[in-house]
2 protein chains.
Amino acid sequence: MQDSKIRNMEEFAAISGISRPTVSKYFNDPASVRKSTRDRIEKALEEHNYRPNIYAINQNRRTSKSIGVVVPYLADPFFAEMARHIERRCIAAGFWPILFSSHGETQLEIDILDSLLSLKPAGVLLAPLGRASDRRAVEKFCHDVPTVLFDSNLEGVGKAFVGSNNFHSIGLIVEYLCRTGEPPCFFEMPPVNPNANTRRHAYIRTMEALGHKAHVIHVEAQGWGFEEVGYSEGKKVISDGRLPTDTILCSNDRLAIGLLAAAYEKGMRVGRGPGFALRIAGHDDHPFSKFTSPSLTTIAQDYAAITEYSVETLFRLIETDSKNAERETKLFESRLVMRASA
Amino acid sequence: MQDSKIRNMEEFAAISGISRPTVSKYFNDPASVRKSTRDRIEKALEEHNYRPNIYAINQNRRTSKSIGVVVPYLADPFFAEMARHIERRCIAAGFWPILFSSHGETQLEIDILDSLLSLKPAGVLLAPLGRASDRRAVEKFCHDVPTVLFDSNLEGVGKAFVGSNNFHSIGLIVEYLCRTGEPPCFFEMPPVNPNANTRRHAYIRTMEALGHKAHVIHVEAQGWGFEEVGYSEGKKVISDGRLPTDTILCSNDRLAIGLLAAAYEKGMRVGRGPGFALRIAGHDDHPFSKFTSPSLTTIAQDYAAITEYSVETLFRLIETDSKNAERETKLFESRLVMRASA
DNA sequence: TAATTTTCTTTACGCGCGTAAATTTAAATC
DNA sequence: GATTTAAATTTACGCGCGTAAAGAAAATTA
C-alpha cells in the first residue's frame, strides 16, 4: 500500500482502469457492480488507499449514512453502556454512529438536535433529557428526521419508543422485598424524566395491591447527580429518624449507591438477615452495582434487547421511509438480580 | 421565525439583501463584516433560520471546524468526565467536538482514526489505548493531523502529551500512607497503558527512598474491567493470605472499588484507626470514589487543568500550523484526597 | 451465431459553497 | 468637499462527487 497522492475519484478511477461513474457506483454499493470490476477496484484500493471525500458524497444526498445517538448524561455508565451497544450495531449495519451527550442541559440538547439536523443523518436514536427537554424542539426535530426514543419516553414524540416496563420491574422487586422482610419504602429520584414518576406510581400500585401502605421519601434535589442526592438526602432521612421501615427501594442504582454511603457513614449495616439494620435495593443494574459494599440487589434492564430493538426499529423506519407510520411503543421486561444488600 | 424553504446561501442572501460572497464571509467570521451588514444578516437569520450546508462548506476547505476527541473506554466515568470538560471548551472556542470511544479495542482505535482522517478535523485530542494501540497507525495519523495526546503517553507520538505526574502523585500518597500506618503494598492494574508501569515504578522508588521494602501484587488479568479484576484478584489475595501488609495502594480507583467489594465480602473492615483490618487507597478520584463504603482515599487528578491545557495546546497547534514544532510534555500535579478508607 | 440482457463508458450537468479579481459603493480622514 | 481607505458587489471558476442519458461492450440466453 503505497502512500498515495490520489486526489479524487477521477484519478483513482484512472488507476484502477474503471470509469469514474462505475467507481462511484461501487462505493455506494459494491455488490452493484460485476465481480470482475469489483475485484479490479479492490485491487487498486489495496495498493492506493483511496477514500471518497465524505463531504462531497453527502453534499447531494438527501440523507447521509450517519446515525445520531443522543444520551442525556454520558458520565452515567448506564448510558455509556447503552451507547456502546448501539454503536456496535450501527457500525455492523454499515452506518456511522455519532455520539452526543446532553449533559443534563436543556439548551445543549436543543443545540445537539440542531447540529444533527445539518448532518442530514439517516436516523437518530434519542434518549431525551425528559422533563428538561424542550418538547416542541424535539417534536420538530422528529418531524424532520426518523427518530427512535429510548430509555425515557416523551409521549407522542418520535416514531417509536423502546424502554423497560417499569410496572413489571418495580412489581418484581417490591414483591420480592415484601416476601422476604418488611415492605419497602420508596426513595424517589429527582424527577428528571418520566421514569421517575412511573416508578413511583408502580411502587404505590404494587404496595396497594399487596395490601401494604405505601411510603414515598420525597427528595427536593434536582439534576443528574444522583449519588450525591442519595448520599445527602439519605443522611438527613436517617438522622431525622424518618425511615418508616428497614427496607428502602431506590428509584435507581446511583441513588442507592449514595444511600449505601450514607448508611455506612451512619454505622447502619446493610444486608438481609439478622444483624443487619437496613435493606437497600436499586433499579437498573448499573455496571458498578456488583461492586458496592454490600453488592446491590437490583433490577437488570435488558440492555441488549433494548438497544437491539431500538436500532432495528430505526433501520426499519429508514428503509420504509414511513413518514406517517403509527408510533410504536415497546417495553421490555427486566429481571431481578439478587445480591447482598436486600 | 417562519419555517422557511430556503435552499441555499444564494436564496438567503437575496432575502437578507446582501450579496452571497459577503454572506459567506459572515458565516466564516461574523466580525469580518461591517456591523450594519452583520445586523441585516442576523435579522434575516432570525426570520428564516437558514444554516449553510456543512458538507458543502467543508468540501473545499483543507480542514473542517471539527475536533476529534478519542478516549479508550467511555464506560469509565473518568474518561466521560474528561470528555465532558473537553467538549465544553471546544464548543466555547467555536469548534465542533466529535466524541469516539475505542472501547478498549485495538482495531476500533485504528478504525476511528481512519474515519477521523476523512473528516479532515482541525485537530484531535487523543487518549490512546496505550499498550494495545497500534503505534504505527497512531504515528501515521499524528503526522497528518495536529494531535495532542492526553492521559496516556505514547512516547514521541503526536505534537504534545498532557497528563498527570504519576511520580509526584504516587509519592504523595505513599508518603502519606507510610506516615500514618503500615507502609503499603501495591495492587497493580492490568498493564493497559504506560500509567500502569509508571505508577508501579513510582511506588517502588518512593518506598525505597523512604527505606521500606516494596511489595507489588501482580495481576494476570487483561482488559479494562478493572472493578472485576480488583474484586476477583482481591478475593484470591485475601484468601491466600498473600497480603504482606494491612495497607494496599491500588493503581487506580476502579481497582480499589473492586478490592473494597472483596474486602467487604471477606468480612474485613476497611478504614484507618483501631478496629479496622485494612487500609485501601486508590488513584484518580473517580467520580464515584466519594460514595464507596467507606469513601475512598485517593489522588485527585486535576481534570480541569489537564483538559484545559490539552485543548489550548491543540488550539495553539492549529493556529500556528506548526508541522515541525518540538513535542511538548506537560505533567500536572495531583492532590491527595483523604477520605475514610485509608 | 444472433438476439437479448446486463454492465460499463462517455459525456454532461448540477449540488452549495469557498474564493479570487475587478469594480462599485460606503465610511473615515483630512 | 475631495481624498483615502475599508467594505460590498459582481462575475466567475472550481471543489469532488452523484447521477442521468445514450451508446458501446460484455455476458447471457436462445
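Values below: every heavy atom of this structure, side chains too, minus hydrogens, waters and symmetry copies. A, B, ... follow the sequence lines: proteins, then strands. Residue 1 opens every chain.
Heavy atoms only, all atoms of each residue included: B/S66 and B/L119 are closest at OG-O, 4.1 Å.
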Requested in this report: Scan nucleotides 16-30 of chain D nucleotide by nucleotide, 5' to 3', and note B when protein non-hydrogen atoms come under 4.0 Å of the base, S if they reach only the sugar-phosphate, - if neither.
Outcome: BBBB------S----
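Counting only distance, with no hydrogens or angles, the side chain of A/D114 and the backbone of A/I110 share no donor-acceptor pair below 3.5 Å.
Taking the six-membered ring for Trp and thresholds of 30 and 60 degrees, A/F95 and A/F315 have nearly parallel ring planes, at less than 30 degrees apart.
For an aromatic pair to be called close, the ring centres must be under 6.0 Å apart, and A/Y303 with A/F78 satisfies this.
Atoms CG and CD, on B/L317 and B/E312 in that order, are 12.0 Å from each other to the nearest 0.5 Å.
Rounding to whole angstrom units, CZ of residue A/R62 and P of C/dG14 are separated by 22 Å. In this structure, A/D39 places its CG atom 15 Å from C1' of C/dT7, rounding to the nearest Å. Nucleotide C/dT7 holds its P atom 14 Å from the CD1 atom of A/I41, rounded to whole Å.
In this structure, A/T22 reaches the C/dT9 phosphate: one of its side-chain N or O atoms is under 4.0 Å from OP1 or OP2.
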Report task. Test A/F150 against A/Y309 for ring pair (Phe, Tyr, Trp, His ring centres under 6.0 Å), laying out the working first. Result -> CA-CA 10 Å; A/F150 69 99; A/Y309 197 89; over 10 Å; no
